[in-house]
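Lettering follows sequence order; numbering is per chain, from 1.
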Amino acid sequence: MTVLLTIQQLSITLQDNVVLSELDLSLNKGEILGLVGASGCGKTTLLNAIAGFSKPSHGKIVIDELTLSDNNSCVPAENRQVGMIFQDYALFPHLTVQENIAFGISKLSKAEQDKQINDLLTILKLEEYSNSYIHQLSGGQQQRVAIARALAPKPKLLLLDEPFSNIDARLRNELMVEIRQLLKQFDMTAIFVTHNKDEVFTFADKMAVMAQGKLLQFDAPSVICQQPNSYQVADFLQLGSWLPCQLDATGAQSLLGLLDVDTVSIEQQDFAYLLVKPAQLLLDTEVAENHKANAQVDYISVTEQGYHYYLSSLESSVPDQTLSFNKLSLYSDSVLSLKQQVSVSVKAHDFLFFQK
Amino acid sequence: MIALYNSKTWKLSSYIIALVLTVPVLVMLVGGISASTQLFSHLWQTVLPTYLENTLLLAFLVVLLALIFGVFSAAIITQTNLIFKKQLRWLLLLPLAMPAYLVAYLYTDLFDYAGPVQRSLRAWFGWQAPSDYWFFDIRTLPGAALMLALVLFPYIYMLTRGAFEQQDQNLIRASRLLGLTAKQSFFKVALPLARPAIAVAASLVLMETLADFATVQYFAVNTLTTAIYDTWLGYGDLGAANALASVLMLLVLFVVLAEQRSRAGLRHQSARPNLSRELIQLSFSQQVIGSIFCWTLVIFGFLLPLTLLIVMAVQYSDVAQLSMLMSTGVNSLKISVIAATVAVLIALSLGLYQRLHSDKYRQFPLQISGFGYAIPGTVLAMAMLSTLGPLDHWLNDIAEFLGFAPPGLILSGSLFAIIFALVVRFSAIANGTIISGIKQIPQSLDYAPASLGVNLTGSLTKVHLPILTPAILVAWLLVFVEAMKELPAVLLLRPFNFETLSSQIYQLISDEMLEQGALGAILIVLFGLLPIVLLNKSKEKV
């Protein structure tokens with residue numbers, strides 16, 4: 001696989017605020033990268049820096065062996081061969097669909113332009129709208145025009161700024177699958193920004209999690225999902241809930257009992273949070289006879305995977321306040337009531353401990 | 001995001017344009033203030049106190065009357081079920097198209113001792129002499145104030161009406177739920193909420209009054225503007241005229257600052273203006289009083305003067321008048337078309353500079369280029385004379401030094417000075433319209449062309465300018481109409497024997513011969529209607 005995009009030590013300071021800090025990243029040709037993080041974490045700034053709309057204060061951006069920006073020079077946006085799909089699509093209201101698509105390819109001959117426009121209109125199922133104006137189209141159609149317009153000049157890299165945020169939730173999944181297939185069909189390398197992790201899991205080959213201008217983790221979504229590298233990553237992606245534990249030679253002591261952990265692998269930490277995914281928390285149904293209650297139900301909601309409960313530790317049973325927990329997620333088909341005391345246990349697995 | 005472009009030529013030219021537009025007034029202010037304390041003390045001991053007193057008294061009366069006319073009519077139209085209010089809603093805007101000096105002349109003609117009204121009264125009651133009865137004298141300071149208020153009150157009406165209509169109806173509803181009647185809630189909630197808009201409108205009226213020249217000159221009320229005119233054209237004293245102009249300029253600046261001060265923090269944003277409002281139901285007698293009030297304003301502010309003009313035009317129009325109209329009309333067109341085009345080009349250049357350039361202070365050229373609107377035409381004319389005059393002398397000296405024939409007063413004595421003054425005065429109108437057009441373009445459209453490989457020129461010609469076309473047309477039209485109507489600057493700056501429609505009509509009015517120019521006057525009124533139609537249309541859209 002050939003590397004298409006390399007970003008080295010990229011830093012951006014805007015009005016004395018460090019928005020991006022020493023960021024490294026590389027992307028292979030044809031890959032789709034999903035950039036997630038909370039609002040203001042710098043993901044849109046990174047997109048703007050790649051597109052040429054934001055000037056890096058330090059670092060280097062290289063696309064296809066061409067340096068777009070380093071400490072000395074900065075290629076203007078119009079010469080970068082980087083396409084962009086804007087959050088509001090930025091379609092030109094005074095031009096028709098066809099004219100919008102033709103906008104970036106005016107240097108081609110008329111025949112070539114027509115061919116390319118017609119191809120794109122067909123692929124994106126927009127033939128019948130070619131002479132319509134933008135305000136005559138639905139949101140989904142507008143997005144397809146934005147995609148066609150961005151693809152027409154054959155950019156090396158396509159940037160998408162929260163492309164699905166304006167789309168109806170029901171349509172969103174369908175559209176994501178459709179656009180992913182389209183990008184793959186064009187062998188297009190793409191980066192898209194979102195604050196919705198589910199979009200990344202559906203849409204991206206690679207995932208980058210950002211916080212406060214820094215890249216926390218960069219890998220395949222499945223890897224990050226299985227092996228988040230920090231508390232922030234797991235917490236932002238809501239991969240599970242948190243159980244405080246005291247670690248010692250015997251294992252991990254928690255209010256849900258002693259967990260059999262190979263303490264050698266947990267280095268020198270004595271206090272840590274265990275990431276508990278929903279499938280790893282078990283409800284011990286027969287509380288009264290075999291088990292002592294260790295949690296109570298604080299909140300109940302109904303989901304497609306059965307009932308979803310938030311559990312908290314029982315106050316009376318807490319010898320050590322630091323180990324008390326709340327908002328521990330439990331999915332179960334059993335019907336429980338609010339304040340009901342239950343006994344739960346953590347299934348043995350490759351325990352993941354983190355410190356805040 | 002950063003602004004996209006950093007062209008040095010663009011930056012340099014933007015600052016030069018802004019500077020050129022500002023320099024004349026600065027030169028005049030510096031000249032006026034530093035001229036000589038002797039001159040000032042002389043003026044202060046002789047005429048200045050009277051001029052100032054008249055100016056301030058006139059301003060006070062005009063604002064007072066315009067507030068009474070404007071606020072009450074806006075309240076009646078928006079808050080009550082007055083009959084014919086749909087028609088009155090736009091009819092009340094029309095007086096804005098009537099130049100005050102026309103109304104002044106027509107009413108003097110009508111109500112003077114020799115006018116038809118007093119003649120009929122005398123015939124009716126058998127009076128013989130002025131001592132037999134009392135009749136108000138219109139050619140006085142209060143008369144001038146009334147004339148100005150009659151045509152300026154629509155500013156207050158328009159902005160106050162807008163404020164009432166944009167008010168969050170839930171605030172009104174809340175006050176009703178708390179036990180207020182519709183009338184009480186108007187006085188306790190709606191009116192206080194509209195105060196910022198009323199203040200803005202009143203300061204507009206104030207500025208227009210300070211700038212008025214022709215009405216007060218015709219009524220022989222000595223204010224600062226007439227004093228400047230007389231001092232320069234009557235006595236040829238540029239220094240004293242400059243000093244008076246500087247005093248007027250400072251007065252206007254004071255109004256502008258006071259207005260901005262009072263406005264700060266007094267904005268009421270409305271979330272739900274479109275909820276239906278409950279109207280105050282008028283009794284029969286209230287309907288009659290309300291109708292008389294509104295229709296009197298429409299009739300005396302617009303319909304009657306226009307009718308008088310039409311009657312005059314029908315009675316006195318002849319071929320000579322038509323040919324005069326043609327030649328002055330062409331002159332007016334010439335300067336207005338050039339001024340409008342230049343002002344729009346400058347507004348576009350500076351507006352897009354503010355939007356797209358990476359200069360940290362990119363809003364600066366646009367901001368300072370628009371300050372001329374507050375400056376009365378008379379002051380601006382003095383500024384041009386005191387800047388371009390010396391510049392002409394300097395050019396002639398250089399020409400002579402180089403062995404060429406001296407070119408004469410190519411700047412101060414030509415159309416250049418008039419057009420320059422018009423551009424300075426009306427740039428703010430073009431700027432405002434173009435900027436509100438630019439603001440409606442989403443920022444992402446600035447970036448989209450670059451992401452498609454298109455450079456600045458392509459982006460401007462293919463995206464920004466086409467989208468801005470309606471704003472450009474409106475801006476052009478507004479400046480064009482204002483330039484057609486402008487009088488004092490043209491009077492002071494026009495080359496020998498050069499007449500525009502407005503200067504011609506003013507001359508005829510001074511000579512008590514408006515009949516000769518009735519057609520031209522109608523034309524000016526009709527041009528004046530254009531921006532009102534445009535304004536009303538854009539208000540309807542909101």
Side-chain angles (χ1 to χ4, degrees), chain A residues 12-15 19 44-57 69 74-95 99-108 134 145-146 148-162, chain B residues 1-11 348 351-364 433-434 436-475 538 541:
Chain A
I12 294 184
T13 309
L14 293 177
Q15 284 143 8
V19 188
T44 299
T45 307
L46 174 59
L47 225 55
N48 287 335
I50 299 171
F53 301 144
S54 233
K55 207 170 171 216
S57 30
S69 99
C74 192
V75 175
E78 65 265 27
N79 298 334
R80 291 191 169 204
Q81 289 186 273
V82 172
M84 186 152 183
I85 293 173
F86 297 83
Q87 191 173 0
D88 61 359
Y89 310 140
L91 294 169
F92 304 122
H94 60 302
L95 303 179
E99 288 164 341
N100 261 286
I101 300 174
F103 194 91
I105 50 174
S106 57
K107 284 176 191 146
L108 300 183
I134 302 310
V145 178
R149 186 182 71 178
L151 290 178
K154 300 192 173 149
K156 289 177 180 167
L157 174 67
L158 185 63
L159 306 174
L160 304 95
D161 189 4
E162 307 216 10
Chain B
M1 291 202 199
I2 54 163
L4 276 172
Y5 305 97
N6 54 6
S7 151
K8 286 204 176 92
T9 340
W10 197 8
K11 183 171 179 174
L348 269 177
L352 289 167
Y353 179 80
Q354 179 194 33
R355 171 74 175 239
L356 296 173
H357 204 275
S358 56
D359 175 15
K360 204 172 167 188
Y361 304 105
R362 55 182 177 268
Q363 76 288 356
F364 189 63
T433 317
I434 298 285
S436 71
I438 288 178
K439 276 189 184 153
Q440 281 174 12
I441 303 177
Q443 185 124 46
S444 56
L445 287 197
D446 299 346
Y447 296 88
S451 81
L452 295 164
V454 172
N455 62 16
L456 172 64
T457 321
S459 176
L460 290 179
T461 53
K462 288 171 157 182
V463 179
H464 292 88
L465 292 179
I467 294 180
L468 283 173
T469 309
I472 292 172
L473 288 177
V474 172
S538 67
K541 258 192 240 164

For B/Leu445 against A/Leu91, the heavy-atom pair lying closest together
CD2-O, 3.6 Å

Please examine the side chains of B/Ser459 and A/Glu78, heavy atoms only from C-beta on, and report whether any two atoms are closer than 4.5 Å.
no

Least distance between heavy atoms, B/Ser444 atom then A/Ala90 atom
OG-CB, 3.1 Å

Could you pull out the closest heavy-atom pair between B/Leu452 and A/Ala150, with the gap in Å?
CD2-CA, 4.1 Å

Relative to the ring of B/Tyr447, is the ring of A/Phe86 parallel (under 30°), tilted (30 to 60°) or perpendicular (over 60°)?
tilted

For A/Lys107 and B/Gly453, work out which heavy atoms get closest and say how close.
NZ-O, 4.2 Å

Between B/Pro442 and A/Asp88, what is the shortest heavy-atom contact and its length?
CB-OD2, 3.7 Å

Of all heavy-atom pairs between A/His94 and B/Lys462, which one has the smallest distance, and what is that distance?
NE2-O, 2.7 Å

Close contacts, residues 463-472 of chain B versus chain A, judged by heavy atoms under 4.5 Å:
B/Val463, B/Pro466, B/Ile467

